Amino acid sequence: MAYTIPKLTDYSAAALEKAAAELLSASDQEWQEVRNEADWKALRDRWMARKNGILTLVNDLWLKPAPKEAKRDVGQRVNEIKAQVERDVEKGRGLAKNYPILHECFSSSVDITLPGLRRPIGAEHPVVKTTNEMVRVFQKLGYSVADGPVVETDYYNFEALNFPPNHPARDTQDTLFIAGQQGKAQRERLLLRTHTSPVQIRTMEKMRPPIRIVIPGTVHRNDPPDASHSPMFHQIEGLAVDTNITFGDLKGTLDHAMKEFFGSNVKTSFRPSFFPFTEPSAEMFVSCFICGGSGKRGMDPCRPCKQTGWIEILGCGMVDPNVFEFVKDNGYDPKKVSGFAFGMGADRIALLKYGVDDLQLFFQGDVRFLGQFA
Ligand code: PHE
């Protein structure tokens, strides 16, 4: 039997108490039976409607006709009843929302006790990690990070770096050329950049000296993949230009950076080399941080340094005046400024640092391998 609100004849405390308790128990009961939105709305009208809703009737049937002496007590009761019924309405609202979902879970074939989907957290790739660490070393020296496009023009990749058309030095950096550009002037033809050095020119076009920049990035070359080569790999480039920059600055900066990166006991060694865009040019070696420079590991030969005690890390040199000529108008008069540049292979450094013997492992995406660096 649905609850109907009685008229009150007896206004004694006991009778009031009894009537209120019956009403509240009916409310509690009815709101617990809400199963959906429609149930909830129907009940809301039954209890809350301004016209003939139970709460309105409480006023009309209990409070209004109450004798003067009982008004205070009845009024207090009625307020308590209203507060409690409002709480029941909210409980009912929750049920209307959640019951259909719970019902679905418990009555369908979904097994809610099965474990959830695991979403593994990723980790930095070892090459990215190595790059970030090296970049950080130079940032601490005041260098800022610059970057540029991977699809580059012949001009920035070669010509402005003092590789004239048909210069034999281009042969060492063969790459993929974008097809169908025969109609364009050679300097505008697009290719996949073979080094991060074009960003030297791009940055000098935008920023006047003095500059100190470090340039991490992806590069491509026509190198078939093997344990130490890949047609795609990563470089970290550096460039410093100011008045009176000397080869001593180059050596001091790179020696400091290597000690910071590999540990304070490594030594550096510079040997003559050639790059079209630096003069003089050098290759920098660090003393082998695997065998400590001895060339031996116990009785065995040290493989990473091929028993020489030295590992080649990067190419570097003083910026060739011919390069400054290309950006002269932006304040790089070779008679007034000088600078040094360097470039290293991030993948090669990561290989050495982590003792990995096959470069291809870095690019195969096998999480059993990559997970070891997490
Ligand atoms: N760009 C050169 C290379 O890829 C490295 C280099 C950079 C050498 C800067 C000197 C100065 O081989």
Side-chain angles (χ1 to χ4, degrees), residues 127 131 134-135 137-138 143 145-150 152-164 167-176 191-204 211-223 228-241 245-247 249-255 257-258 268-286 311-324 326-327 332 334 337-349 359:
V127 174
T131 301
M134 188 63 86
V135 165
V137 168
F138 288 96
Y143 283 61
V145 178
D147 67 0
V150 176
E152 190 50 284
T153 60
D154 184 284
Y155 177 76
Y156 287 111
N157 196 77
F158 291 126
E159 195 181 330
L161 288 167
N162 200 30
F163 291 79
H167 191 281
R170 290 186 173 217
D171 293 351
T172 62
Q173 302 201 4
D174 189 19
T175 182
L176 285 166
L191 45 83
L192 298 187
R193 70 177 178 194
T194 58
H195 49 179
T196 39
S197 304
V199 186
Q200 289 188 27
I201 308 294
R202 286 183 175 276
T203 310
M204 286 191 284
I211 60 170
R212 290 192 297 271
I213 50 167
V214 59
I215 309 153
T218 306
V219 302
H220 293 77
R221 284 191 199 175
N222 181 7
D223 286 332
S228 58
H229 293 85
S230 164
M232 184 282 303
F233 60 104
H234 302 86
Q235 290 192 331
I236 304 161
E237 181 101 9
L239 172 69
V241 183
I245 297 267
T246 67
F247 201 86
D249 295 316
L250 179 158
K251 288 182 74 175
T253 302
L254 291 178
D255 185 73
M258 294 305 118
T268 53
S269 162
F270 292 79
R271 306 181 190 175
S273 184
F274 173 79
F275 300 100
F277 42 94
T278 48
E279 181 60 32
S281 304
E283 268 147 20
M284 190 202 69
F285 290 69
V286 299
I311 294 182
E312 189 189 331
I313 292 289
L314 55 77
C316 57
M318 301 308 290
V319 178
D320 193 302
N322 291 347
V323 170
F324 285 139
F326 287 93
V327 287
Y332 293 89
V337 296
S338 57
F340 65 79
F342 57 88
M344 61 189 109
D347 322 76
R348 194 177 130 72
I349 294 173
L359 178 62

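Fair warning: this is a prediction, and the values are worked out from it, not measured in the lab. If you read the sequence from its start, that first residue is 1, and numbering goes on from there. Whatever order the structure lists ligands and atoms in, that order sets their numbers, starting from 1.
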Q: May I ask you to establish whether Arg193 and Tyr156 are in a cation-pi arrangement, using a distance under 6.0 Å from NZ or CZ to the six-membered ring centre and at most 45° from the ring axis?
A: no

Q. Under the 6.0 Å and 45° cation-pi test, does Arg212 pair with Phe138?
A. no

Would you mind listing which atoms of ligand 1 come within a distance below 4.0 Å of any non-hydrogen atom of [X]?
X	value
Phe342	7 (C), 9 (C), 11 (C)
Gln235	3 (C), 4 (O)
Ser197	1 (N), 7 (C)
Ala341	9 (C), 11 (C)

Q) Any idea which protein heavy atom is nearest atom 2 (C) of ligand 1, and the distance to it? A) Phe277 CZ, 3.7 Å

Q.
Between ligand 1 and Thr278, is the shortest N or O to N or O distance under 3.5 Å?
A. no

Q | side chain to side chain contact (heavy atoms under 4.5 Å, CB included) between Phe340 and Ile245, worked out | A | CA-CA 7 Å; Phe340 65 79; Ile245 297 267; 3.5 Å; yes

Q: With atom 6 (C) of ligand 1 as the reference point, say which of Pro276, Gly238, Gly343, Pro198 has the nearest heavy atom.
A: Gly343

Q. Which residue from Met284, Arg193, Arg221, Glu283 reaches closest to atom 12 (O) of ligand 1 through any of its heavy atoms?
A. Arg221

Q. Are Phe326 and Phe277 an aromatic pair by the rule of ring centers under 6.0 Å?
A. no

Q) Any donor-acceptor pair under 3.5 Å linking the side chain of Asp347 with the backbone of His234? A) yes

Q: For the pair Thr194 and Phe158, evaluate side chain to side chain contact (heavy atoms under 4.5 Å, CB included) and give the outcome as yes or no after the intermediate values.
A: CA-CA 9 Å; Thr194 58; Phe158 291 126; 4.2 Å; yes

